[in-house]
Student: 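I have a structure here, written as structure tokens, and I will follow up with some questions on it.
Throughout, a chain's letter reflects where its sequence line sits, starting with A, and its residues are numbered from 1.
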Protein chains: 2
Amino acid sequence: MGLVAALVRSSFLVHAVYAQAARDDGLTPQQGQLLCVLMAQPYGMGELCSMLGLAKSSLTGLVDRTENNGLVRREPDPRDSRAVRVALTPRGARLADRFYTEACRRIEELPAGLDPAERDTLAGLLGRIVLDHKVPAVFAEPDQASPGG
Amino acid sequence: MGLVAALVRSSFLVHAVYAQAARDDGLTPQQGQLLCVLMAQPYGMGELCSMLGLAKSSLTGLVDRTENNGLVRREPDPRDSRAVRVALTPRGARLADRFYTEACRRIEELPAGLDPAERDTLAGLLGRIVLDHKVPAVFAEPDQASPGG
DNA sequence: TGGTTGTGGTTCGTACTGCGAACCAGTACG
DNA sequence: CGTACTGGTTCGCAGTACGAACCACAACCA
């Protein structure tokens with residue numbers, strides 16, 4: 001298989017697994033992403049836009065829907081009365097944790113046919129590609145999932 | 001970077017590049033996919049469903065829209081008067097070719113920082129992951145792009 | 001030959017995604 | 001102060017995707 005085909009097809013595979021994990025937790029992939037990003041800390045709408053690569057108007061809707069589901073909350077920014085901080089609700093935090101853990105587990109299973117050394121090689125090569133390009137930090141590294149403990 | 005994060009983020013990267021290539025040709029990613037699949041030969045709706053991993057009703061809409069854009073055509077199946085063959089129109093074929101070539105070019109550029117041996121290794125590892133799982137054949141290998149000339 | 005069952009596709013209603021343009025409110029700068 | 005900029009929302013639009021219901025034909029069997 002050529003490198004292009006391998007990249008494209010593996011990317012579809014990962015996306016499908018990710019989407020299914022979200023679905024199993026009653027989330028859309030986008031809502032899952034939002035929760036994962038907010039696991040680290042609350043963010044303003046503008047920050048979320050650039051992190052998720054969305055237009056402002058798209059994000060408003062996404063946050064609206066996720067808020068209606070009781071998973072996130074808009075809090076006023078004490079420093080700027082126009083601005084808003086989007087934060088996880090307790091329920092959202094629990095669900096984010098669950099979803100994140102499970103999504104990682106499933107994706108980690110994908111390279112089951114590779115031995116540890118090969119996994120390492122793969123992680124290294126993909127990591128270099130990712131770092132060579134501007135990729136929104138949509139999915140924290142497992143090791144950094146809970147920064148600050 | 002952990003393997004999970006590398007997989008997820010590279011998958012977002014590939015998807016973004018793919019989507020942008022489609023957009024530059026006036027296509028949505030889904031329509032681009034449809035065209036790419038049909039480059040090989042016409043298919044029935046059912047076949048397309050399983051190849052693209054979509055529900056029947058979703059595919060009807062996708063084909064409708066692509067047909068309205070003049071890129072594909074529904075032809076009656078001579079063997080089954082219920083069935084339909086979806087085929088590229090001449091314009092669709094030209095556009096498919098253009099899009100496919102360009103998308104491949106851009107994706108091929110992603111691992112620019114890797115030397116040939118590393119690319120080979122990466123293709124091999126990803127290829128094994130893909131083959132280990134049921135991944136719809138959404139993107140033909142470059143070498144097989146124009147089967148039968 | 002005729003009825004039942006299965007299959008290929010479409011239609012319909014619903015929810016979500018994503019964008020740009022227009023807009024409002026509050027901040028920052030002059 | 002007034003003007004420009006910025007953070008967010010609203011609105012209209014097009015596309016994506018699903019399941020349920022449905023139709024027409026095919027396939028099978030009695």
Side-chain angles (χ1 to χ4, degrees), chain A residues 12 15-16 18-20 22-35 37-38 42-87 136 138, chain B residues 12 15-16 18-20 22-35 37-38 42-87 136 138:
Chain A
F12 276 93
H15 187 270
Y18 183 89
Q20 189 55 51
R23 181 171 276 266
D24 289 351
D25 273 331
L27 295 170
T28 63
Q30 287 77 5
Q31 288 177 6
Q33 248 182 17
L34 178 60
L35 295 193
V37 166
L38 293 177
Y43 287 104
M45 297 293 282
E47 294 171 300
L48 289 175
C49 277
S50 59
M51 273 193 269
L52 299 176
L54 292 178
K56 304 195 291 185
S57 54
S58 310
L59 189 66
T60 297
L62 177 58
V63 171
D64 281 351
R65 289 184 295 271
T66 315
E67 191 171 30
N68 288 340
N69 291 347
L71 303 175
V72 303
R73 189 171 40 209
R74 281 178 170 93
E75 299 170 347
D77 183 326
R79 274 153 191 72
D80 185 339
S81 66
R82 293 168 304 177
V84 153
R85 318 240 77 204
V86 183
V138 280
Chain B
F12 275 95
H15 187 270
Y18 183 89
Q20 189 54 53
R23 182 172 275 268
D24 289 350
D25 274 331
L27 294 169
T28 63
Q30 288 77 4
Q31 289 177 7
Q33 247 181 21
L34 179 60
L35 295 194
V37 167
L38 293 177
Y43 287 104
M45 299 293 282
E47 292 171 299
L48 289 175
C49 277
S50 60
M51 274 193 268
L52 299 176
L54 293 178
K56 303 195 292 182
S57 54
S58 310
L59 189 66
T60 296
L62 177 58
V63 171
D64 281 352
R65 289 184 295 272
T66 314
E67 191 170 29
N68 288 340
N69 290 347
L71 302 176
V72 302
R73 189 172 40 209
R74 280 177 170 94
E75 299 170 347
D77 184 326
R79 275 155 190 69
D80 186 338
S81 66
R82 294 168 303 177
V84 153
R85 320 239 75 206
V86 183
V138 279

Student: For residues 63-77 of chain B, which residues have at least one heavy atom under 4.0 Å from DNA chain D?
Tutor: R65(B)
Student: Go through it in stages, so that I can follow the logic: the residues are L27(B) and N69(B), the test is side chain to side chain contact (heavy atoms under 4.5 Å, CB included), and I'd like the CA-CA distance, side-chain angles, deciding distance and then a yes or no.
Tutor: CA-CA 10 Å; L27(B) 294 169; N69(B) 290 347; 5.9 Å; no
Student: Which nucleotide wins on minimum distance to the side chain of L54(A), given the candidates dG18(C), dG9(C), dT9(D)?
Tutor: dG18(C)
Student: Working to the nearest 0.5 Å, report the span between CD of Q31(A) and CG of L34(A).
Tutor: 8.0 Å
Student: Please classify the nucleic acid contact of L59(B) as base, sugar-phosphate, or nothing, using heavy-atom distances under 4.0 Å.
Tutor: nothing
Student: Among the candidates dA17(D), dG8(C), dC19(C), find the nucleotide nearest to the side-chain atoms of Q30(B).
Tutor: dA17(D)
Student: Is there a Watson-Crick or G-U wobble partner for dG30(C) with both distances under 3.5 Å, and if so, which one is it?
Tutor: dC1(D)
Student: Can you measure Q31(A) atom CD to dG18(C) atom P for me and round it to whole angstrom units?
Tutor: 11 Å
Student: dG18(C) C1' sits how many Å from L27(B) CG, rounded?
Tutor: 17 Å
Student: Quick one: R23(B) CZ to dG15(D) P, roughly how many Å, whole number?
Tutor: 11 Å
Student: Quick one: pull up OH in Y43(B) and CG in L59(B) and give me the separation to the nearest 0.5 Å.
Tutor: 13.5 Å
Student: How long is the straight-line distance from CE of M45(A) back to CZ of R82(A), given to the nearest 0.5 Å?
Tutor: 14.0 Å
Student: Using the salt bridge (charged side-chain N to carboxylate O under 4.0 Å, His left out) criterion, which residues pair with R74(A)? Sequence neighbours excluded.
Tutor: D64(A), E67(A)
Student: Can you give one letter per nucleotide of nucleotides 21-30 of chain C, 5' to 3': B if a protein heavy atom sits under 4.0 Å from the base, S if only from the sugar-phosphate, - if neither?
Tutor: B---BBS---
Student: From CG of L48(A) over to P of dG7(D), roughly how many Å is that when rounded to an integer?
Tutor: 13 Å
Student: What I'd like to find out is whether the side chain of L38(A) reaches to under 4.5 Å of the side chain of L48(A), using heavy atoms alone.
Tutor: yes
Student: To the nearest Å, how far apart are L52(B) CG and dA17(D) C1'?
Tutor: 13 Å
Student: Does the pair R79(A)/D77(A) count as a salt bridge with the N-to-O cut at 4.0 Å?
Tutor: no
Student: Would you say that D24(A) contacts Q20(A) through its side chain, given a criterion of any heavy-atom pair below 4.5 Å between the two side chains?
Tutor: yes
Student: Classify G61(A) by what it touches in the nucleic acid, base, sugar-phosphate, or nothing, heavy-atom distance under 4.0 Å.
Tutor: nothing
Student: Classify the nucleic acid contact of T60(A) as base, sugar-phosphate or nothing, counting any heavy atom under 4.0 Å across all strands shown.
Tutor: base
Student: Using whole Å, report how far CD of Q20(A) lies from C1' of dC18(D).
Tutor: 13 Å
Student: Give me the atom names and distance for the closest heavy-atom approach of V72(B) to V63(B).
Tutor: CG2-O, 4.1 Å
Student: So, does S58(A) get its side chain near the phosphate of dT17(C), meaning an N or O under 4.0 Å from OP1 or OP2?
Tutor: no
